[in-house]
Protein chains: 2
Amino acid sequence: MCEKFNCCTEKRLRECFGHAGGRLTGPRRAMVDFFHMEKGHFTAEEVFEKLSEKYPGIGVATVYRTLSAMADFGILKRFDFGKGKVKYELSDGHEGVRHHHHLVCSACGKILEYDDFMDEEKAFFNKIKKTLSTRYNFLIKGHSLHFYGFCQKCQKEYEKAK
Amino acid sequence: MCEKFNCCTEKRLRECFGHAGGRLTGPRRAMVDFFHMEKGHFTAEEVFEKLSEKYPGIGVATVYRTLSAMADFGILKRFDFGKGKVKYELSDGHEGVRHHHHLVCSACGKILEYDDFMDEEKAFFNKIKKTLSTRYNFLIKGHSLHFYGFCQKCQKEYEKAK
DNA sequence: ATACTATTGATAATGAATATCAATAAGAGG
DNA sequence: CCTCTTATTGATATTCATTATCAATAGTAT
Ligand SMILES: [Zn+2]
Ligand SMILES: [Zn+2]
Ligand SMILES: [Zn+2]
Ligand SMILES: [Zn+2]
């Protein structure tokens, strides 16, 4: 199962789940597999529904719990685009996942990814981080950036409404 | 009341509230005043509590409705740092409010503001926006950027836990 | 002042996320 | 492989922020 993904070894997964003796259960393996196979951004509800097909009987609570654990540990990245539902995606560093940001449609909620300008961004943000850390006595662990607006499909409606 | 703030004239406020004949009511004036006087970031609940002192009897529903209207129109800026509660603050362009971003403490939720590097940021983001708009057919209306990590007070506890 | 109707506020309802807890199953040890 | 211990599961109840409902109220035009 998870051994297929050398980005998430069994050892790493055991660390992830429970700081003292986390068990590698069926539901947890299924969740890990899900995010390694299906690329994209999912709400807890979506994970529950899609996963139920392959893993019937899984409970909603387990999905929420496992998502939290994986996000806290760093395997998943948590997003909150302000639509009431939190979304998760495989974090940077996994096979085939590069650091990227999102274009979020305010109308239909569609999410586009981009990874252009990442070198320039890195240079800029590193400089910022260094200064802010010392100036505000703040230990920076990460950043969140996204652009919001309207996707191609929703632009016409927006122009009409305005 | 609101006429005190030439950044939000009565005309502008009437536009804000209801696209056809928005009435300038007591609660609405009170909300506008609140955000012009108290600088900072507030949840709906906080606005309700603090405002209740000066405007007894105001209802929660009205607070939520008015916050949404003001944010949709652009007087307020809406934040969602993923703590379950949405926060609002007076948007850029109001007297004494400059474009800025936030350092959010993952432990205690404290929010620090910074407006350093805004010229460089503007240059960088403008370039990005132009490219992304055409490349992804996306109409960009704004961006959201924040750094998360640990404030001075919470850094020790974090190091201990890790 | 009168009438018309947008708005209010008390309250019910929604819905995402979390807590509860008996039943289950992972893993250790024999 | 079997047994025991206990972390984890999943059905369910619960929380809590936000939204919907609707009769009463209050802006505003005449
Ligand atoms: Zn769209
Ligand atoms: Zn993504
Ligand atoms: Zn803190
Ligand atoms: Zn701010």
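Note on naming: letters A, B, ... go to the chains in the order of the sequence lines (proteins, then strands), and numbering restarts at 1 for each one.
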Kindly indicate, with the supporting measurements, whether the criterion ring-ring contact (aromatic ring centres under 6.0 Å, His included) is fulfilled by B/Phe34 and B/Tyr55. CA-CA 10 Å; B/Phe34 175 84; B/Tyr55 199 95; over 10 Å; no
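Ion pairing between a basic and an acidic side chain is recognised when a charged N comes within 4.0 Å of a carboxylate O; A/Lys11 and A/Glu15 show no such pairing. A salt bridge is defined here as a Lys NZ or Arg NE, NH1 or NH2 lying under 4.0 Å from an Asp or Glu carboxylate O, and B/Asp72 with B/Arg78 meets this definition. A salt bridge does not link B/Lys85 with B/Glu46: every distance from a Lys NZ or Arg NE/NH1/NH2 to an Asp or Glu carboxylate oxygen is 4.0 Å or more.
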Per-nucleotide protein contact string for nucleotides 22-30 of chain C, where B marks a base within reach and S marks sugar-phosphate only (heavy atoms under 4.0 Å, - for neither): ---BBS---
In the 5'-to-3' direction, what one-character label does each nucleotide of nucleotides 14-19 of chain C receive under the scheme B = base within less than 4.0 Å of a protein heavy atom, S = sugar-phosphate only, - = no such atom? --SBBB
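Taking the side chain of A/Ile58 as heavy atoms from C-beta on, and the options C/dT7, D/dG10, D/dT9, the nearest nucleotide is D/dG10.
In this view, A/His143 and A/His99, A/His101, A/Phe125 satisfy the ring pair (Phe, Tyr, Trp, His ring centres under 6.0 Å) rule, not counting sequence neighbours.
Residues A/His146 and A/Phe79 place their aromatic rings such that the two centres sit no closer than 6.0 Å.
In this structure the side chain of A/Lys110 never reaches within 4.5 angstrom of the side chain of A/Lys153, judged on heavy atoms. Residues A/Tyr114 and B/Thr131 fail the side-chain proximity criterion, which asks for heavy atoms closer than 4.5 Å.
Rounded to whole Å, the distance from CZ on B/Phe17 to C1' on D/dT28 is 17 Å. B/Phe48 places its CZ atom 14 Å from the P atom of C/dT8, with the value rounded to the nearest Å. Rounded to a whole Å, the CZ atom of A/Arg28 is 11 Å from the P atom of D/dG10.
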